[in-house]
Amino acid sequence: MRLAQLRKARKVSQIKLAMELNTNQNTISRYETGEREADYATLIRIADYFNVSIDYLLERTDNPEMNK
């Protein structure tokens, strides 16, 4: 998942992102290391927060734009 890359590019700490997503820093860390996978609802919140598509977030495409 591109979460760490997106987070660092926007200069957002794991703690700030966790607060925005209503989760904890440890969960964000585990998403970034691949120890844990985000559920569907969380993927949507992360994609919306960074304004990217879920496919981009999951590295299925290199195009970050969302199709609405």
Side-chain angles (χ1 to χ4, degrees):
M1 186 185 325
R2 287 186 162 117
L3 180 56
Q5 176 188 353
L6 287 166
R7 184 180 59 75
K8 290 173 185 176
R10 302 257 178 106
K11 296 181 169 74
V12 176
S13 69
Q14 286 183 345
I15 294 170
K16 177 169 174 37
L17 181 59
M19 289 177 8
E20 294 288 334
L21 299 177
N22 197 28
T23 189
N24 62 55
Q25 182 269 330
N26 193 34
T27 300
I28 300 299
S29 176
R30 288 182 177 176
Y31 291 157
E32 290 183 357
T33 62
E35 291 180 48
R36 184 173 179 179
E37 293 182 355
D39 62 24
Y40 182 71
T42 303
L43 286 173
I44 292 171
R45 287 197 314 268
I46 294 169
D48 286 349
Y49 180 83
F50 289 109
N51 197 32
V52 298
S53 70
I54 292 174
D55 282 341
Y56 181 78
L57 190 61
L58 296 176
E59 299 180 24
R60 294 185 51 175
T61 183
D62 290 329
N63 181 359
E65 294 182 17
M66 291 188 287
N67 295 324
K68 289 188 176 185

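Residues take their numbers from the sequence shown, with the count starting at 1.
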Novice: Within this structure, what is the OG-CD distance for the pair Ser13 and Glu20, rounded to the nearest 0.5 Å?
Specialist: 9.5 Å
Novice: Give a yes or no on whether the backbone of Gln25 and the side-chain of Ser29 come within a donor-acceptor separation of less than 3.5 Å.
Specialist: no
Novice: Determine the minimum heavy-atom distance between Leu6 and Leu57, stating which atoms define it.
Specialist: CD1-CD1, 3.7 Å
Novice: Return the minimal non-hydrogen interatomic distance between Phe50 and Leu3, and the atom names on each side.
Specialist: CE1-CD1, 3.7 Å
Novice: If we only count heavy atoms from C-beta on, is the Leu21 to Ile28 side-chain gap below 4.5 Å?
Specialist: yes
Novice: Show the nearest heavy-atom pair for residues Ser53 and Glu65, with the distance to one decimal.
Specialist: CB-O, 3.6 Å
Novice: Heavy-atom count around Ile44 CD1 within 6.0 Å, excluding the residue itself: above 12?
Specialist: yes
Novice: Could you go through Thr42 and Thr27, starting from their C-alpha distance and side-chain angles, then the distance that decides it, and tell me whether this counts as side chain to side chain contact (heavy atoms under 4.5 Å, CB included)?
Specialist: CA-CA 11 Å; Thr42 303; Thr27 300; over 6 Å; no
Novice: Return yes when atom CG of Asp39 has more than 12 non-hydrogen atoms of other residues, nucleotides or ligands closer than 6.0 Å, and no otherwise.
Specialist: yes
Novice: For residues 50-59, pull every pair meeting salt bridge (charged side-chain N to carboxylate O under 4.0 Å, His left out), keeping only residues two or more places apart or in separate chains.
Specialist: Asp55-Arg60
Novice: Check whether Arg36 reaches the backbone of Tyr31 with its side chain - one donor and one acceptor, N or O, closer than 3.5 Å.
Specialist: no
Novice: If I compare all heavy atoms of Leu17 with all of Arg7, which pair ends up nearest, and what's the gap?
Specialist: CD2-CD, 4.0 Å
Novice: Once you round to the nearest 0.5 Å, how far does CZ of Arg30 lie from OG1 of Thr23?
Specialist: 10.5 Å
Novice: Is the shortest side-chain heavy-atom distance between Arg2 and Ile46 below 4.5 Å?
Specialist: no
Novice: Please check if atom CZ in Arg10 has more than 12 non-hydrogen atoms from other residues, nucleotides or ligands closer than 6.0 Å.
Specialist: yes
Novice: Of all the heavy-atom pairs spanning Asn24 and Ala18, show the shortest one and how long it is.
Specialist: C-CB, 3.4 Å
